[in-house]
2 protein chains.
Amino acid sequence: MAPPTDPSRPLRGDARRNRERLLDAARALFAERGVDVAMAEIARRAGVSNGTLYNHFPTRQDLIEAVFLDRLEKNVELAEQARAADDPWQGFADYVTGICELQAADRGYNEVVTRGMTSPAARRLQATATAALADVFARAQRAGTLRADAAIEDLAFVVWGISRTVDLTGDHAPELWRRHLALLLDGFRAAGAHPLPRQPLAAGQAHQAMTPD
Amino acid sequence: MAPPTDPSRPLRGDARRNRERLLDAARALFAERGVDVAMAEIARRAGVSNGTLYNHFPTRQDLIEAVFLDRLEKNVELAEQARAADDPWQGFADYVTGICELQAADRGYNEVVTRGMTSPAARRLQATATAALADVFARAQRAGTLRADAAIEDLAFVVWGISRTVDLTGDHAPELWRRHLALLLDGFRAAGAHPLPRQPLAAGQAHQAMTPD
DNA sequence: CCATAACATGACGATGCCGTCAAGTTCGTA
DNA sequence: TACGAACTTGACGGCATCGTCATGTTATGG
């Protein structure tokens, strides 16, 4: 006999429908206008009152994480493809390019990437991707193509940097970020590398950096 | 006999004083809290009413440009030092590092760098800096240390990218951006460069990118 | 078919910011 | 010193967003 407000009880039919509509509306609006659109507008687009929106997603962050969780799944997938690639460097480069393509394809996700996702589900997926990526990274370093003094955490520079470029040039020059990325990737190559200063961002610190609140 | 409201007539004593106070207050608040602080708070900090603030600076942009004009002068200075440097690459690298240091030192300026400044005075300084930089760039390319397929406009990637890293890690790891920059600079080296995709951002387009309004 | 828990509604108060303006004050000059 | 222009004041209306809540509606199991 479950209590009347069992958190995991299946939603009532209409509630489930509305939830889907809200997610669809948010997905669309986030993609085209960014993640800071007015909550009321999302509700309106979903054909639902704002009260209902807050019923399902008490905070904007809840909504964001629900909308973009599948991007993290895609990320895991990319990391595993990279691990399976024949050429270590190519695997690495393709992975990095892949996540940047995700950013370029969705303005909202491009913003989220610099804010971080904190739900348990998100962190679990993130951890899985990181684990796979560690293999990719180490393999490319062993092969001597990825510079030895680079750390996985340095990939944050790629994500953050490309995020800015996509943000600023996405409308006008939608593929320009690839040029930015090419420069950065050459910077990650072992050939001709000059020693890096400072320590890399400590593991887990990247998340702190993105959630100062 | 100048008309009563000559735009270039010297300000009255109290007006000049208030203007200075406003600039000081804005400088301080911009540096610590970014360029989007409430106008009213700037006025309060200056010990002046908000009406006076709007008298002197009708728009926030006016205030921003007045506050940060000297950063552009510093930029010109850096470019000329770079031109005078013995080693072409070192001159280039020092210049880039210098502008990034300006960004790291002031949160407001770090934001402005991605929004652009549009006043005539600002554009003039910008043009001067760009002219000097063109020499620096060409010289380093002739020396064979700076990759031949890089364009001056590609430096926007540096500025924008470092801006993000400073933004996200400035509080917690104030010097981490140097690591990001080192990776990028290695990407700009001729040694081991792989061809860049796409065209660089067309000259002047960078400004467009930063001012979509 | 009914009872009730689950859900939806939309108006509302609160908040924070912007930019203006009529009225009052201060400066500089004659 | 007195006068007019320059300057300052701060309250105000407008706007946008947020999140809540009392009330009304609907789905679902018995």
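Just so we're clear, the structure is a prediction, and the values are computed from it rather than from any experiment. Below, chains carry the letters A, B, ... as their sequence lines are ordered, and counting in each starts from 1.
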Self-check item: Distance test, side-chain N/O of A:Ser49 to OP1/OP2 of C:dG10, below 4.0 Å
Solution: no
Self-check item: Ionic contact status for B:Arg107 with B:Glu111, cut-off 4.0 Å
Solution: yes
Quiz item: Taking CG from A:Asn55 and P from C:dT9, how many angstroms apart are they, rounded to a whole number?
Solution: 9 Å
Quiz item: Atom CD of B:Glu20 and atom P of D:dC7: how far apart are they, to the nearest Å?
Solution: 15 Å
Quiz item: Between the side chains of A:Asn55 and A:Thr52, does any donor sit under 3.5 Å from an acceptor?
Solution: no
Practice problem: Let me know the distance between CG of A:Leu53 and P of D:dT17, rounded to the nearest Å. | Solution: 14 Å
Exercise. Report the distance from atom CG of B:Leu22 to atom C1' of D:dT8, rounded to the nearest whole Å.
Key: 11 Å
Quiz item: Between atom CZ in B:Phe57 and atom P in C:dG19, what is the gap in whole Å?
Solution: 15 Å
Quiz item: Can you check the A:Arg33 CZ to D:dT17 C1' distance for me, whole Å?
Solution: 14 Å
Quiz item: Out of D:dT9, C:dT9, D:dT17, which has the shortest distance to the side chain of B:Val48?
Solution: D:dT9
Quiz prompt | N/O (side chain, B:His56) to phosphate O (OP1/OP2, D:dC7) under 4.0 Å | solution = no
Quiz item: Taking CZ from A:Arg17 and C1' from D:dT26, how many angstroms apart are they, rounded to a whole number?
Solution: 10 Å
Quiz prompt | 5' priority, DNA chain C, between A:Gly47 and B:Asp14 [closest heavy atom] | solution = A:Gly47
Quiz item: Of the nucleotides D:dT8, C:dT20, D:dT20, which one has an atom closest to the side chain of B:Tyr54?
Solution: C:dT20
Quiz item: Taking atom P of D:dT8 as reference, at what distance in whole Å does atom CZ of B:Arg21 sit?
Solution: 10 Å
Practice problem: Please determine, for the side chain of B:Asn50, which listed nucleotide (D:dT8, D:dG10, C:dT9) has the closest atom? | Solution: D:dG10
Quiz item: On DNA chain C, nearest-nucleotide positions of B:Glu41 versus A:Arg19: which is more 5'?
Solution: A:Arg19
Practice problem: Identify, between B:Asn18 and A:Arg12, the residue whose nearest nucleotide on DNA chain D lies closer to the 5' end. | Solution: B:Asn18
Self-check item: Lys/Arg-Asp/Glu bridge criterion (N-O < 4.0 Å) met for A:Arg27, A:Asp24
Solution: yes
Quiz item: What's the shortest heavy-atom distance between A:Leu23 and A:Ala66, and which atoms?
Solution: CD2-CB, 3.7 Å
Quiz prompt | Contact under 4.0 Å: A:Arg60 side-chain N or O vs D:dC18 OP1/OP2 | solution = yes
Quiz item: Any ion pair linking A:Glu20 and A:Arg17 (charged N to carboxylate O, less than 4.0 Å)?
Solution: no
